[in-house]
2 protein chains.
Amino acid sequence: MNPYIKRIKDLSYKLDLEIHAELEKVFVDKKFSKGAHLLRPGQVCTAHLLIKEGIARKFYLHNHKEITTEIYFHDDVAVSLDSYIMQKPGDVYVEALTELEVTIIDYGRFGKVKNTYPEVMMLDKMFIEYYAVWFEQRLREFQTLDASQRYLKLLEKEPQIVQFLPVTIIASYLNVSLETLSRIRAKVSSE
Amino acid sequence: MNPYIKRIKDLSYKLDLEIHAELEKVFVDKKFSKGAHLLRPGQVCTAHLLIKEGIARKFYLHNHKEITTEIYFHDDVAVSLDSYIMQKPGDVYVEALTELEVTIIDYGRFGKVKNTYPEVMMLDKMFIEYYAVWFEQRLREFQTLDASQRYLKLLEKEPQIVQFLPVTIIASYLNVSLETLSRIRAKVSSE
DNA sequence: GTGATTATTTGACCTAAGTCAAATTCCTGC
DNA sequence: GCAGGAATTTGACTTAGGTCAAATAATCAC
């Protein structure tokens, strides 16, 4: 398991029952159907979205082209970071790629629990740390790897993405054209 | 001013004297000469480095090529995030590009203050938030802009970088070859 | 199953940016 | 000021990956 995730889980197991009970009150489960938008540009991101079941992605539009920034599976948390932190309108979509079940963690209500219990604040901080390091690593991949290497790394690190999703989305996640991705796949599988 | 920086400054002005005094005790000033390495691969990043005077950068090596990830000026904070959070050996250099004065904020000693005063923990969290959003934006620039657009954006957002630093470093920050950067500059200045 | 629609692959061609090499220009120390 | 070295620019050539278009292949509705 990713050491950052492990750290978060370890701490959350240690929380006492009272805190757990308070957190439970903040959680609200909700279902979305395939293709639904859980968040759109212009909206303020007022919640963390914890994925319980299904697949989702975050993307933004650039010159009418969709650029996928993250793909979420079970236990991942979807959030438009800038919009959430500043509570200002964002510019991304969060979209259900399959039938989806999520736990919604409301900004305001979670904030209250956070301010009451330092452990919860710590948990929140660890989440941001994970996010920051994840982004730093992803940036490095763009700086150091060419298209095929990025694909191979994805295949290795997140085979579920390659297995379950159409090339259009994988290509936009790798920041290559779908034709190029198709050629990369042809080459890789012929080897 | 960047809204994230403003948020951090606003909160830090509000801290009461007691906390300020505690923080002061943690700060240690130090000078480095041009070319010095404040951090090297293999070392654990045990401090935040707050730049007081001069310019520094962070970079890593990839295939014997230096890739500059950040460039720091007055009031910026240099830290190898992954190494600092996990207190494990990192893989980056922090280098003084000029004569340099920094305030060193030790991990362990700062941690104690953080755990005593929730406001300081909050301050620390805000710093990480800034970092995460900064990385997310930088990633977007690589995903959506070509070499000239990245250069023009840098010229607009951080003219000091372009003014004071050699093309080699700017090029490695923009992730282009120095020849390409030189051609971009020739074109831009002839327009 | 069959036709229609959508996703993927393949082909031909183009362009941004890289590499290697040579030519300048800019700094230094003396 | 000048010789030597570094930094920068310019030129010629190559290449990864993009675009546009056509051909298959897969999926869905009925």
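We use all heavy atoms of the structure for the numbers below, so side chains are in, but hydrogens, waters and symmetry mates are not. Letters A, B, ... mirror the listed sequences (proteins, then strands); counts begin at 1.
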TODO: Would you sort out whether B:H48 and B:F127 count as a ring pair (Phe, Tyr, Trp, His ring centres under 6.0 Å), showing the intermediate values?
DONE: CA-CA 11 Å; B:H48 284 220; B:F127 169 72; 5.1 Å; yes
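In this structure, A:R140 is positioned above the aromatic face of B:Y60, its NZ or CZ under 6.0 Å from the six-membered ring centre and within 45° of the axis. Both tests hold for A:R138 against A:Y173: distance to the six-membered ring centre under 6.0 Å, angle to the ring axis within 45°.
The rotation axes computed at either terminus of the helix from C:dG1-D:dC30 to C:dC30-D:dG1 lie 50° apart, taking five pairs at each end and rounding to 10 degrees.
Nucleotides of DNA chain D lying under 4.0 Å from heavy atoms of chain A occupy a range whose first and last members, 5' to 3', are D:dG17 to D:dC20.
The hydrophobic cluster around B:F59 extends to B:L61, B:Y93, counting ILVMFWY residues whose side-chain heavy atoms fall within less than 4.5 Å of a member.
Here B:T180 reaches the OP1 or OP2 of C:dG18: one of its side-chain N or O atoms lies under 4.0 Å away.
Listed here is the closest heavy atom pair of B:L11 and B:E119: CD2-O, 3.9 Å. Closest heavy-atom contact between B:Y117 and B:E22: OH-CG, 3.6 Å. The heavy-atom pair separating A:T116 from A:K112 by the smallest distance is OG1-O, 2.7 Å.
Atom CZ of A:R183 is separated from atom P of C:dC13 by 13 Å (rounded to the nearest Å). As rounded to whole Å, 11 Å separates atom C1' of C:dT19 from atom CG of B:L178. The CD-C1' distance, from A:Q143 to C:dA17, rounds to 16 Å in whole Å. Atom C1' of nucleotide C:dT19 and atom NE2 of B:H64 are separated by 17 Å, given to the nearest angstrom. One atom, NZ of B:K65, and another, C1' of C:dC20, lie 15 Å apart when rounded to the nearest Å. In this entry the distance linking CG of B:N175 with C1' of C:dA17 reads 11 Å, nearest Å. Nucleotide C:dG18 holds its C1' atom 14 Å from the CG atom of B:L181, rounded to whole Å. The nearest whole Å value for the distance from the NZ atom in A:K187 to the C1' atom in C:dT9 is 15 Å.
Each of A:E179 and A:R150 has a nearest nucleotide on DNA chain D; the 5'-most of these lies closest to A:R150.
Ion pairing between a basic and an acidic side chain is recognised when a charged N comes within 4.0 Å of a carboxylate O; B:R40 and B:E95 show no such pairing.
Expressed to the nearest 0.5 Å, how far OG1 of A:T103 lies from CD1 of A:I105 amounts to 6.5 Å.
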